[in-house]
Number of protein chains: 2
Amino acid sequence: MTELSISTVSRVLNGKAKQYRIGIKSQQKVIEAAKKLQYVPNHFAANLKSGRSGTLALIIPSLNNPFFANIASEINIELRKLDYIVIISDSNENMETEKKEIQQLAARNIEGLIIVPCGDQWIHIKELENKGIPVVCIDRYFENLDIPYVSTDNFEGAFRATNYLIENGHKHIRCIQGSQSSTPNRLRVDGFCDAMKKAGLKNYEISGNNFTFENGYLETKLILQKENKPTAIFTFSNTIAMGCIKALREENIQIPKDISLITFDDHPYLDYLSTPLSCIAQPVSNISKMAVQFIYSKIQNQQIDISQVLLKPEMKLRSSVNKIN
Amino acid sequence: MTELSISTVSRVLNGKAKQYRIGIKSQQKVIEAAKKLQYVPNHFAANLKSGRSGTLALIIPSLNNPFFANIASEINIELRKLDYIVIISDSNENMETEKKEIQQLAARNIEGLIIVPCGDQWIHIKELENKGIPVVCIDRYFENLDIPYVSTDNFEGAFRATNYLIENGHKHIRCIQGSQSSTPNRLRVDGFCDAMKKAGLKNYEISGNNFTFENGYLETKLILQKENKPTAIFTFSNTIAMGCIKALREENIQIPKDISLITFDDHPYLDYLSTPLSCIAQPVSNISKMAVQFIYSKIQNQQIDISQVLLKPEMKLRSSVNKIN
DNA sequence: AAAATATGCACAAACGTTTGTTCATAAAAA
DNA sequence: TTTTTATGAACAAACGTTTGTGCATATTTT
């Protein structure tokens, strides 16, 4: 068609015309022909040769959780801007699934992985990194492991939320936590306990074991069984909060009249709940953008001095916390 | 390592041992060695040769919309079960983005595409199909085009919702619609108008032009400006409904005391809103599963007799519609 | 005018598999 | 024993690019 060799075409289309001194005329011929024929290069062949796949992977625990869906959306959009395609995997909060996904992804020569690890194991993740594939953790991460991460300052978030409750006169507070094996959860526990201790308060308890609706529902039911009900509940995720609200509603407990509620994670809907819910909002957009920046730097072998970052959360006060006494 | 040829290894690992009569012993050797060396085949090379990429694509208008996130999640999980990897793209409700994505995906030799088309153009989609890549539309689709689709029976959904309002004594109803270029929207309009006409009601109007929060907000504001306020509003999506609620709240209009509200699309949160919202719930899970089944059949060149399906929606009554007069 | 240099492009190897074919050897049939 | 058939595994081409190298031809320098 162009009567030019394959290599010439390849170089022009890859913008290496100058480097290989392809004449202007030839370039135009190639570009024209490519348009006319609607030529799309075969990525597989290209990648096979070049080793670059133009593909990144994102593993999150559940696309159904709006918090993660939000992250996925942001990351997806950011990476497209950089001309990467992203494969989104749903580990379903299941360690085995996560491991299998990573295996599969490795076979697809992904250039990097952004992951919200779903458990406390990290060997498989570290192994991937050892193969030279950059990894960045978001939201959940591993302290003392030299994998870059971007997350919220969970300690501070929990600390502030708890203090807010305390300032409003609450002395008996219950926490419903998520997965105990996750670092953010641990830090939230620490932040909560710290605030309570500093205030000299001892009437608190932490229960729960999962970032799920069910966990929130069940634990709240349990809390409501007891004689001595708390004046406030602090849930560690939006899913837990929803379960909690369901249980409270079933037992005819009013928020915040009977029990105050504050939660981690924001969502547009929270404004429209029967009682608009106060929360600790994580900087999802910035977390996503920074994670993308990290992975991109690593792919390009750029050194990044600081690669373990905690961003400040924002407390959004609505009307789910009552001032008492 | 195994002292066997590459081809033998390939065949064993691809389960074609029997077909090519590879001895049991050799098979074991290969499998052992593969394990020991943690061998992962290079998909690019494999796909280059075989033409099969093991990759499907999903294009949706916005991951941030819980309705689509839900679909994405379901489809993702279903396709993983079939050993496919799925690339999720966010067209951002933008036609140009959608076209570009399709181009990019084609270059990646996807074996099929499931898409929620974001506009009224379909040439680029048809072109993809003409290249031999199976396409299935979900939610939004094109009538009179022979591309398979799975969606909700939007006419019936709107018809039933409207009738429900009418049965509750509403005579002055306003609709806030989404993108007029989409088939589901058109059918919802039809369903709504049909129900009104059949009831002999003439006091209705349809406004709006987008499945967005802002559209819902703005149109509601406009509606509230008028002298003659409707007794009920019917929004055509969850996003529109949220915008509508915000506007109503700002103007101190109570649901359902002052104005009743019913919407398309369900969401767990709807139960916990200040006024739990009645809705037409789309069978998301079934839509997703059927779409996967369609695309899988087409990939395997199986004939499917019926490939354009509308599934029945479910009306979920909560408490946002008042009985009047 | 000859030599040196710059310019433009094609050749061919390589990437890591898959797969049709061939070839050797072992077992079965004649 | 010889011929036929079954069994097992290697050979080599091909997939569609990328990229190092080399060979002309054109241009500049001496």
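Keep in mind that what you see is a predicted model, and the values were worked out from it rather than measured.
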Can you figure out which of [options] approaches the side chain of [X] most closely?
| X | options | answer |
| --- | --- | --- |
| B/Ile22 | D/dA9, D/dG20, D/dA14 | D/dA9 |
| A/Leu48 | D/dA10, C/dC15, C/dT18 | C/dC15 |
| A/Lys49 | D/dT18, C/dG16, D/dT19 | D/dT18 |
| B/Ser10 | C/dC9, C/dT19, D/dT19 | C/dT19 |
| A/Ile6 | C/dC9, C/dC11, D/dT17 | D/dT17 |

Give a yes/no on whether any side-chain N or O of [X] is located under 4.0 angstrom from OP1 or OP2 of [N].
| X | N | value |
| --- | --- | --- |
| B/Ser50 | C/dT18 | no |
| A/Lys16 | D/dT18 | no |
| B/Thr8 | D/dA9 | no |

Is it true that B/Glu32 and B/Lys35 make a salt bridge, defined as a side-chain N closer than 4.0 Å to a carboxylate O?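 No, no charged N to carboxylate O under 4.0 Å.
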Can B/Lys126 and B/Glu129 be counted as an ion pair, charged N to O under 4.0 angstrom?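 Salt bridge flag = yes for B/Glu129 with B/Lys126.
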[X] [atom1] - [N] [atom2] separation (whole Å):
| X | N | atom1 | atom2 | answer |
| --- | --- | --- | --- | --- |
| A/Lys25 | C/dT7 | NZ | P | 16 Å |
| A/Lys18 | C/dG8 | NZ | P | 12 Å |
| A/Arg21 | C/dA6 | CZ | P | 10 Å |
| A/Gln19 | D/dT21 | CD | P | 13 Å |
| A/Leu13 | D/dT18 | CG | C1' | 12 Å |
| B/Tyr20 | D/dA6 | OH | C1' | 17 Å |
| A/Arg52 | C/dC15 | CZ | P | 19 Å |

Can you give me every donor-acceptor pair (side chain of residues 286-296 of chain A, partner residue at least two apart or in another chain, under 3.5 Å) with its distance?
from, atom 1, to, atom 2, distance (Å)
A/Ser288, OG, A/Val284, O, 2.8
A/Tyr296, OH, A/Gln300, NE2, 3.3

Does any donor atom in the side chain of A/Arg80 or B/Thr97 lie under 3.5 Å from an acceptor atom in the other side chain?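 Looking only at side-chain atoms, B/Thr97 and A/Arg80 do not form any donor-acceptor pair under 3.5 Å.
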Atom CD1 of B/Ile71 and atom CD of B/Gln282: how far apart are they, to the nearest 0.5 Å?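 Answer rounded to 0.5 Å: 7.0 Å.
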Euclidean distance, B/Leu82 CG relative to B/Tyr84 OH, rounded to 0.5 Å: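 If I round to the nearest 0.5 Å, the distance is 7.5 Å.
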Counting only non-hydrogen atoms, which of residues 38-47 of chain B are less than 4.0 Å from DNA chain D?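 Nothing qualifies; none.
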Ignoring hydrogens and geometry beyond distance, is the side chain of B/Arg108 in donor-acceptor contact with the base of D/dG16 at under 3.5 Å?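 Absent.
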Which residue is it: B/Lys100, B/Glu101, B/Glu98? I am looking for the one with a side-chain hydrogen bond (donor to acceptor under 3.5 Å, both in side chains) to B/His124.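 Looking at B/Lys100, B/Glu101, B/Glu98, the match for B/His124 under the side-chain hydrogen bond (donor to acceptor under 3.5 Å, both in side chains) is B/Glu98.
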